[in-house]
Amino acid sequence: MAKDQHVSGRRAVQGSHDTSDLNLAQRRAAMADDGHALVLAGAGCGKTKTIDARCNHLISEGVPAHQIYVLAFTRRSAEEIVARVEASLGSRGKGLQASTFHAFCMKMIRHHPSAFGCYRFSVIDREDQVDIFKALLGRTSKTTTVIMPTAAQLVDIYSFGRNTRCTPTTAIENEDAALLPAKKHIIAICRQYRDRKQQRKYLDYDDILEVVGTRLHEDAGVRKSVCSQFKHILVDEFQDTNPLQWHLLTPFLEFANLFCVGDDAQSIYGFRGADFNNVHRFKERVPDSTTLKLNKNYRSTQEILDVSNWLLAQSSIDYDKRLVAARGSGHKPRLLNFAGDWQEANWIAADIAARHRKGRTWSDHMILVRTAYTARAVEACLIERNIPYIFIGGTKLLETAHVKDLLSPLRIIANPADEIAWTRYLRLWPGIGRVKAAAIVERVLGKTTIEDAMEAIGASSPNARATLQQILAADEPPARAVRVAVELLSKTLEAQYKKDWDQRRLDFPLVEKLAQKHTSIMAFIEHYLLDPMNASETRQSSNGDVVFLITVHSAKGAERKVCYVMNVSPGAYPSSRAMGSGDQIEEERRVLYVALTRPQDELIITRKLLPSFGIVNAASEGDQVAVADAYFLKNFPDDLADEEFL
DNA sequence: AAAATGTTGCTGTAT
DNA sequence: GCAACATTTT
């Protein structure tokens, strides 16, 4: 029974396979006839439950599970959907597939390598992209007099442009209008980046979607063979899809039934090009579709929803939304004021500990933060009190410096043209810095075989060469290569990271364990780049009774009995960095809305009223006033929460 | 001249 | 925790 699943603390009832616990609107959505459908659902109105029920219904009606694909926003929610459907349908549910858009496209690319022309490509992450742009900037910067973007800004501009399929001007403006004079240079450098990727056989995150989308549009044969595998495509969090993702979905319209579920008030990925026209213009773009609405909230009590309703009502945008609690009345939300970060964090940890002593489980609690670094104080307090937790958001295991170092030789073996990996690997060795590494890489990339390449390292570092040779000999399976790499590189890495080496080394057995699930280095690295697993998540013991510490962006769809929304302070909501545009401020409002709609029973909002980081850092005095003025809780009504000063 | 080491500042959300 | 910058060592 689903009860035993206890999937990340969700209510077990969601796995039950009959539709009797659905309300009328949910049942109509779940049991809709074939055809395209858009389901609009407010926070907590049972989106996930409806997707589960839809899958159950389709499979029960005789659709083979493998012809259904669920596109979710995170690996976590994808896995949960599959787990619940399998739990309720047993063997008939086996074969249901769910993943992120990126993992979906990568599957297509790997299953039809010739169709997409991406054989032996390596997937690169954002940091790798930044490295490439850095190298390109280094070569061109001296002649220009205009202000050029940083490498990181170039990645943003380039990626935004591709995700929204907009003009360079729009993409640059979105980053910073002050960069417009450099437009010509930016376009030129983006072209060089594109060529460089091609040479080195790299696929960045956007390529993964674009390669598949473009091919499906251009080639009818490929389109038919790929798209006709699926009868039903379900898309969760549809409000956060962007034009590139829509481009990818449209070829499926003639082969499969599209079932998209979303809430425009929860659109919080505008910075990644999310476009709620995908929701608002769905009917226009897909005329033969039906639209369904779910508007009864089953998650929270009315007092909690009142806060969220108030917040949206303050917006200039008309969301046409007032959440009504099916559960009725409950605890009044609390609004707690603290003098500083430390007091705030400490109080939350103490409060959770006290509740645990009274018999609550750790996993009844979720702490929501806007930014990863806000989490650090509370993390320290949780550790101090021995409270088990996982932190979701922030740096992923495969993004940490020491793991990237460890994997660099494996990346070289998987793709000898991988310049970034070569550079990283070479610089691990004593006596090799930026300049020598560049010289060696130059020589190495001219070679056609990995053996010649290793020869080309030359006498600069016999150790670097010997080590790479031994790792190459261990080659596959990847777990073995990882183990050999750990053995051979430990000394070097220890010297590099001396201070926190004892912490970092603990990650290596984890990496080896993750590698065991894969048969090739490429597949292993790719898997964890596309569906990254958090360092803290990976370190967890299996039991699962832990406090959830999570960024709001990662918390979409999650719920807990007791939620602490941290640092709802001036300068943080909206973030002082969002002050540039009204659209960005409204997106910030939705971020807070997502946070406030997570709790089932108790909402605890904490903040610091004294000038906090965001305000202090606003550039001018005028900016500081603007930040304080835009603060979302500026006119917060007394009767919506019990306010305390601690 | 390049590498190594030390210091300071700042940090947006993520596939 | 990390990147950019500054300083010391090889």
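Residue numbering restarts at 1 for every chain, and letters A, B, ... go by the order of the sequence lines.
With a 6.0 Å cutoff to the six-membered ring centre and a 45° limit on the axis angle, A:Lys556 counts as a cation-pi contact of A:Phe73. A cation-pi contact, defined as under 6.0 Å to the ring centre and within 45° of the axis, links A:Arg560 to A:Phe548.
When distances run from any side-chain atom of A:Thr100 to the nucleotides B:dA3, B:dT15, C:dG1, the shortest one goes to B:dT15. Taking only side-chain atoms of A:Val435, from C-beta outward, the nucleotide of B:dT13, B:dA2, B:dA4 with the closest atom is B:dA2. Residue A:Asp500 has its side chain nearest to C:dG1 when only B:dA14, C:dG1, C:dA4 are considered. Picking from C:dG1, B:dA4, B:dA14 the nucleotide with the shortest atom distance to the side chain of A:Asp156 gives B:dA14.
The interatomic distance linking A:Glu79 (CD) with B:dT15 (P) rounds to 13 Å, in whole Å. Atoms CG (A:Asp206) and C1' (B:dA14) sit 11 Å apart, rounded to a whole Å. Summarising the geometry, the separation between CG on A:Asp204 and P on B:dT15 is reported as 15 Å, rounded to the nearest angstrom. What separates CG of A:Leu137 from C1' of C:dA4 is a distance of 15 Å, to the nearest Å. If you measure from atom CD of A:Glu127 to atom P of B:dA14, you get 16 Å, rounded to the nearest angstrom. Atom CD in A:Glu237 sits roughly 13 Å away from atom P in B:dT15 (whole-Å rounding). As rounded to whole Å, 9 Å separates atom P of B:dT15 from atom NE2 of A:His102. With rounding to whole Å, A:Phe73 atom CZ is found 8 Å from B:dT15 atom P.
Remark: side-chain polar atoms of A:Tyr193 are not paired, donor with acceptor, to backbone N or O of A:Gln129 under 3.5 angstrom. Side chain of A:Asn242 to main chain of A:Arg272: a donor-acceptor pair is present (N/O by atom type, distance under 3.5 Å, no hydrogens or angles).
Here A:Arg504 lies in heavy-atom contact (under 4.0 Å) with sugar-phosphate atoms only. A:Ile432 comes within 4.0 angstrom of the backbone, heavy atoms only, and of no base. Counting any heavy atom pair closer than 4.0 Å across all strands shown, A:Glu399 reaches no nucleic acid atom. Nucleic acid contact class of A:Ala372 (heavy atoms, under 4.0 Å, all strands): sugar-phosphate only. Nucleic acid contact class of A:Arg434 (heavy atoms, under 4.0 Å, all strands): sugar-phosphate only.
Within the 4.0 Å cut-off from OP1 or OP2 of B:dA14, not a single side-chain nitrogen or oxygen of A:Thr74 is found. The side chain of A:Arg272 places no N or O atom within less than 4.0 Å of a non-bridging phosphate oxygen (OP1 or OP2) of B:dA14. Taking only side-chain nitrogens and oxygens, A:Thr371 comes nearer than 4.0 Å to OP1 or OP2 of B:dT13. Close to B:dA14, at under 4.0 Å from its OP1 or OP2, lies a side-chain N or O of A:Ser554. In this structure, A:Arg376 does not reach the B:dT11 phosphate: none of its side-chain N or O atoms is under 4.0 Å from OP1 or OP2. Using a 4.0 Å cut-off, no side-chain N or O of A:Lys556 falls inside it from OP1 or OP2 of B:dT13. Regarding contacts with the backbone of C:dG1, every side-chain N or O of A:Lys404 stays at 4.0 angstrom or more from both OP1 and OP2.
Using a 5.5 Å limit on the distance between ring centres and a 30° limit on the angle between planes, the aromatic ring of A:Tyr269 does not count as stacked on the six-membered base ring of B:dT13.
Mapping A:Phe271 and A:Arg427 onto DNA chain B via the closest heavy atom, the residue that lands nearer the 5' end is A:Arg427.
A pairwise comparison of heavy atoms in A:Val226 and A:Met108 identifies CG1-SD, 3.5 Å as the closest pair. Nearest heavy atom pair, residue A:Asp341 against residue A:Lys608, reads OD1-NZ, 2.7 Å.
Residue A:Glu588 places a side-chain atom within donor-acceptor reach of the base of B:dG12, judged by atom type and a 3.5 Å distance cut-off alone.
Between the side chains of A:Asp264 and A:Gln239, no donor N or O sits under 3.5 Å from an acceptor N or O.
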